[in-house]
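The structure appears right after this line, and notes come after that.
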Amino acid sequence: MSSSAEAPAFDPWRPSFVADPYPAYAELRERGRVHWFEPSRQWLIPRHADVGALLRDRRLGRTYLHRFGHEEFGRTAPPPEHEPFHTLNDHGMLDLEPPDHTRLRRLVSKAFTPRTVEALVPTIQRLAEELVDSLVTAGGGDLIETVAEPLPVAVIAEMLGIPPADRPALRPWSADICGMYELSPGEDTARRAVRASVEFSAYLRELIEARRRAPGDDLISGLIAAYDEGDRLTEQEMISTCVLLLNAGHEATVNTTGNGWWALFRHPEQLALLRADPDALLPTAVDELLRYDTPLQLFERWVLEDIEVGGTVLPRGSEVALLFGSANRDPARFDRPDTLDLSRTDNPHISFGAGIHYCLGAPLARLELIASFGALLRKAPGLRLVKEPERRANFVIRGLRELRVEL
């Protein structure tokens, strides 16, 4: 495809596209490996092989500021009034490149070792069962509000050492900050993100100070100890890391739970198979639900050096949009990609990314999903949909507003 042609099927602001982007993705994949999208001034990459390769290619980066200034890179600096959001966002490891990324990831990865994650299993199981018991006692309700959201927020807050009384503020802060990850967010979105960044940062600054005075066995205390031992972790990096862990630590789980149950209700034969043997099917089912309706549809990278994709040169200073949702439905990599198959074993989905920015919390997310789906299958075997759910207007972070169910 020529570099000057646009992608007409791709319209992330059209409600019908947000409701079902997969036919448009099929058209993009069919038409070529790279497409210029003028409204967001990005190169769209729709195929699995290219998305996987570019996630690992060091000629692309999550930031360019480790090598170039804004003007040198041909970009305009963010407006000064957005500074609190960018200070918070730009010091988290997801938006850093080596050597800072390497240093931060090494420190944080100590909290996500297989042994540490495995030790969380009883807590995750207990929380999931308590939340499902409440849903069953009530005879139903909004699955997002009662089960999908509280479980991962409670787990990551427990890891960070955030007191239970403070946790209700976490999800609203996170939602407002994550609004800035959509394509071309408006000024209202930016204002909410800035306000949430200021409030969340101030809260964490106080919590970090409290942990300095009285350390615990939580992750914040561990990061402080690393800082005190001279491992060069700044207070801003600590704050940004905590926010990143909360945001990344629950968004995928919340939205995979909602998207996943909605997919199961639309595929009753697959739901029946899962109900018949949940222990055997859940591990592959969780990965298939992550693939089938991807919670993070798009991931952006900056082109740090000219790179060629499919005969088109993507010049330094441009931005690529790696279409995870499209890659996960690519028939060149997946057999019957538009079919929900909970027993699928050949499933190299890209929902958790790849390369140096591969999601640290992927094993934890899988445990949470297996626990919540398992508890619902056991305790609410007659779970059924009350009404068709409404999707959130967001495209990049794909999820439901609510999912009303009854027993």
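What you see is a predicted model; the values in this text were computed from it and never measured. Values reported hereafter were calculated over all heavy atoms of this structure, with side chains retained and with hydrogens, waters and symmetry mates removed.
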Salt bridge (Lys or Arg N to Asp or Glu O under 4.0 Å) between E305 and R67: does it pass, once the steps are laid out?
-> CA-CA 11 Å; E305 301 171 28; R67 288 179 54 180; 3.5 Å; yes
Candidate pair D20 and R391, rule salt bridge (Lys or Arg N to Asp or Glu O under 4.0 Å), full reasoning | CA-CA 10 Å; D20 184 10; R391 283 213 171 269; over 6 Å; no
Mind running salt bridge (Lys or Arg N to Asp or Glu O under 4.0 Å) on E388 and R404 for me, showing each step along the way?
-> CA-CA 8 Å; E388 184 168 327; R404 302 210 69 83; over 6 Å; no
Step by step, would you call I144 with R401 a side-chain contact (heavy atoms from CB on, under 4.5 Å)?
-> CA-CA 8 Å; I144 306 294; R401 290 187 190 279; over 6 Å; no
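For the pair R329 and Y25, the cation does not sit on the ring face, since its NZ or CZ is not both under 6.0 Å from the ring centre and inside 45° of the axis. Stacking of R366 on the aromatic ring of F352 is not recorded, the 6.0 Å distance cut-off and the 45° axial limit not both being met.
In the displayed structure, E402 atom CD is contacted under 6.0 Å by more than 12 heavy atoms of other residues, nucleotides or ligands. Atom CD of E72 has more than 12 neighbouring heavy atoms from other residues, nucleotides or ligands inside a 6.0 Å radius. Heavy atoms from other residues, nucleotides or ligands lying under 6.0 Å from CD of E269 number more than 12.
Residues S201 and L88 approach most closely at OG-CD1, 3.6 Å, considering heavy atoms. Closest approach of G216 to R211, counting heavy atoms only: N-CD, 4.3 Å. Annotation for I177 and A196: closest pair CG1-CB, 3.9 Å, computed over non-hydrogen atoms. The minimum heavy-atom distance between H349 and D287, with the atom names listed, is NE2-OD1, 2.6 Å.
Under the 3.5 Å distance criterion, the side-chain polar atoms of R33 are left unmatched by any main-chain donor or acceptor of V309. With hydrogens and angles ignored, the 3.5 Å screen pairs no side-chain donor or acceptor of S174 with any backbone N or O of L170. Of the possible polar contacts, none joining the E368 side chain to the A148 backbone as a donor-acceptor pair under 3.5 Å is found. A distance-only check finds no donor-acceptor pair linking the side chain of R212 to the backbone of I208 [under 3.5 Å]. Side-chain atoms of T87 never come within 3.5 Å of backbone atoms of P84 as a donor-acceptor pair (strictly under, hydrogens ignored). Remark: side-chain polar atoms of T253 are not paired, donor with acceptor, to backbone N or O of P152 under 3.5 angstrom. Distance alone, capped at 3.5 Å, places no donor-acceptor pair between the N89 side chain and the F85 backbone. Side-chain N or O atoms of R275 include one that pairs as donor or acceptor with a backbone N or O of P381 at under 3.5 Å. Formation of a donor-acceptor pair under 3.5 Å by the E406 side chain with backbone atoms of V386 is not found in this model. No donor-acceptor distance shorter than 3.5 angstrom exists from the side chain of T102 to the backbone of P98, with no hydrogens or angles considered.
No side-chain donor from either of Y181 and N394 sits under 3.5 Å from a side-chain acceptor of the other. There is a side-chain donor-acceptor pair under 3.5 Å between S221 and D218. Judged by distance alone, the side chains of Q236 and S240 do bring a donor and an acceptor atom under 3.5 Å apart. No side-chain donor from either of D95 and T63 sits under 3.5 Å from a side-chain acceptor of the other. With 3.5 Å as the limit, one finds a donor-acceptor pair spanning the side chains of D293 and Y22.
Residue pairs meeting the ring pair (Phe, Tyr, Trp, His ring centres under 6.0 Å) criterion with at least one partner in residues 372-407, sequence neighbours excluded, are F10-F395, F17-F395, W261-F373.
Using a 4.0 Å cut-off between a side-chain N of Lys or Arg and a carboxylate O of Asp or Glu, R59 and E308 do not qualify as a salt bridge. Salt bridge R62/E97: absent, no basic N to carboxylate O contact under 4.0 Å. Look at R333 and D346 and you find a salt bridge, because one of the NZ, NE, NH1 or NH2 atoms lies within 4.0 Å of a carboxylate O, short of that distance. Between E187 and R192 there is no salt bridge, since no side-chain N of the basic residue sits under 4.0 Å from a carboxylate O of the acidic one.
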Name every donor-acceptor pair, under 3.5 Å, that has one atom in a side chain of residues 115-126 and the other anywhere in the protein, sequence neighbours excluded.
from: T116; atom 1: OG1; to: T113; atom 2: OG1; distance (Å): 2.6
from: Q125; atom 1: NE2; to: E129; atom 2: OE2; distance (Å): 3.3
from: R126; atom 1: NH1; to: E130; atom 2: OE2; distance (Å): 3.4

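Between F200 and W173, the ring planes are parallel. Angles under 30° get that label, and only those over 60° would be called perpendicular.
A centroid separation of 6.0 Å or more is found between the aromatic rings of H357 and F299.
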